[in-house]
Amino acid sequence: MHILPQLRKLEEKYRDTMVVIGVHSAKFDAEKSTTNIEEAVTRYNVRHPVVNDARFAIWKHYGVRAWPTLMFIDPEGKVIGRHEGEFAVGDLDRIFQQMIAEFDAKGLLNRELLPFQLRAIKEAERPLAFPGKIEADAGRDRLFIADSNHHRVIVTSLDGEVRTVIGNGESGGAAFGQQGFDEPVFDNPQGMAVDGDTVYVADAGSHTIKRVDLAEKSVVTIAGIGQQSLYRHAGGDALANPLNSPYDLGLRDGVLYVAMAGFHQLWSMDLGAGTFSPFAGTGNEDIKDGLRLEALLAQPYGLTVQGGNVFFADSETSSLRLAKIGEGGRVVTLVGTGLFDFGDAEGIGKQAMLQHPQGVAAGQDVVFIADTYNHRIKQISLSTLRVLNVAGNGKRGTADGRSPDAAFNEPAGLVVAGNRIYVADTNNHAIRVIDLQEKRVSTLDLRGL
């Protein structure tokens with residue numbers, strides 16, 4: 001997913017000479033479903049054919065060792081190169097120019113366009129499209145919904161009455177300077193943090209952090225340069241350094257904490273000074289506890305700040321972890337054991353198993369988890385470390401009702417407001433509500449959108 005925007009630039013430039021074929025060799029069980037792959041193709045605007053390599057046959061045939069891997073095949077069907085990992089567009093662009101010149105000289109290129117039939121879902125007809133994250137301000141009766149594939153943030157009351165829409169539905173996000181709510185201000189917005197009439201938004205598609213002023217109805221970029229960083233760096237001036245897939249935010253004492261999925265790190269931004277730097281993780285991908293900047297993380301997609309801790313969902317290790325704020329702080333794993341260890345099990349601490357969780361929210365002495373690929377909402381007691389299922393039957397679906405019978409479809413974000421949990425039920429294109437007292441799930445009716 002992290003290389004798709006870069007790859008898309010090359011697909012558009014060389015559409016008459018180069019064809020991309022996506023080979024989906026899934027790590028997680030939930031990602032092997034062809035239906036799930038079709039939804040992901042739509043969600044991430046993939047415009048090339050994709051094959052479901054569920055049994056790793058193509059992976060083994062080409063001797064692939066890592067995600068992502070690019071294989072280069074010439075017009076005569078011969079493998080002429082490979083590249084593992086992310087890449088700089090400029091470097092690959094120069095290679096393509098050399099290859100095109102070589103094969104043009106040999107008369108081997110066929111510049112006739114291949115007509116692909118897109119099986120895209122008509123997202124414009126939906127009120128929401130793949131909502132990724134959700135935030136609440138219970139004191140002011142406000143709910144903030146990242147309507148991610150509509151490239152906007154929606155503000156409603158807690159019972160679903162729409163009050164404000166930020167963004168006009170068109171992809172934007174790379175512009176700098178002040179913008180209005182009716183302009184294209186976001187590109188795949190995700191996590192948010194609320195401070196009165198100020199809302200901070202992780203704009204994953206543009207690799208920036210945006211600040212929304214609800215009173216002035218304006219949006220400005222406060223971090224990132226609008227381009228993806230392919231290499232880890234030490235940070236510095238927030239507006240002078242590139243970011244890499246910021247996915248969720250938390251706020252405490254003037255510091256913004258960021259789940260920087262593409263860097264396999266947590267970052268922190270001093271809002272007063274306007275500076276950004278790594279907060280936890282070396283940038284290498286794995287699961288290893290220890291001092292914050294010596295620990296290893298793996299694509300953190302969700303976080304929440306409670307007291308002196310940043311709780312985060314480390315998705316590629318199917319784990320729930322925490323990073324302690326303050327000098328000498330450490331990273332501690334509560335649930336999860338390895339890069340290839342995942343499942344669906346209740347239990348105490350590391351006896352429990354998750355599958356690619358993407359969201360966390362804090363309650364009283366408990367942390368709730370969006371166990372995304374298990375289609376469940378779970379909780380972990382901070383006093384006993386016992387993990388229990390809260391809602392969801394473990395099968396993808398849309399059913400409301402009592403918690404054991406209710407069904408979700410890859411929920412990715414959640415927030416606690418009073419005795420309710422609001423869930424961004426991403427692949428159902430809906431907001432679901434869990435009543436913790438009645439243990440019942442319902443679907444939020446958005447009115448006025």
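Values reported hereafter were calculated over all heavy atoms of this structure, with side chains retained and with hydrogens, waters and symmetry mates removed. One is the number of the first residue; the rest follow in order along the sequence.
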Can a cation-pi geometry be assigned to Arg292 and Phe279, taking NZ or CZ under 6.0 Å from the six-membered ring centre and within 45° of the ring axis? yes
All N/O donor-acceptor pairs, side-chain side in residues 217-225, below 3.5 Å, sequence neighbours left out:
from   : atom 1 : to     : atom 2 : distance (Å)
Thr221 : OG1    : Ala175 : O      : 3.4
Thr221 : OG1    : Lys210 : NZ     : 2.7

For the aromatic rings, using the six-membered ring if either is Trp, is the centroid distance between His375 and Phe408 under 6.0 Å? no
Does Phe340 have Lys27 sitting over its ring (NZ/CZ under 6.0 Å from centre, angle to axis within 45°)? yes
Check whether the side chains of Asn52 and Thr34 place a donor and an acceptor atom closer than 3.5 Å, and report yes or no. yes
Aromatic plane relationship, Tyr373 with Phe28 - under 30° parallel, 30 to 60° tilted, over 60° perpendicular: perpendicular
Does anything in residues 83-108 pair up under ring pair (Phe, Tyr, Trp, His ring centres under 6.0 Å), and if so which pairs, sequence neighbours excluded? Tyr14-Phe96
Aromatic contact, Phe130 with His150 (centres under 6.0 Å): no
How would you list all residue pairs meeting salt bridge (Lys or Arg N to Asp or Glu O under 4.0 Å) that involve residues 97-106, not counting sequence neighbours? Glu102-Lys106, Asp104-Arg111
If we ignore angles and hydrogens, is there a donor and acceptor under 3.5 Å between the side chains of Ser206 and Asp187? no
Of Thr317, Asp289, Asp314, the residue whose pairing with Thr333 passes side chain to side chain donor-acceptor pair (under 3.5 Å): Asp289
Could you go through the side-chain contact (heavy atoms from CB on, under 4.5 Å) check for Phe312 and Val360 one step at a time? CA-CA 7 Å; Phe312 62 99; Val360 292; 5.5 Å; no
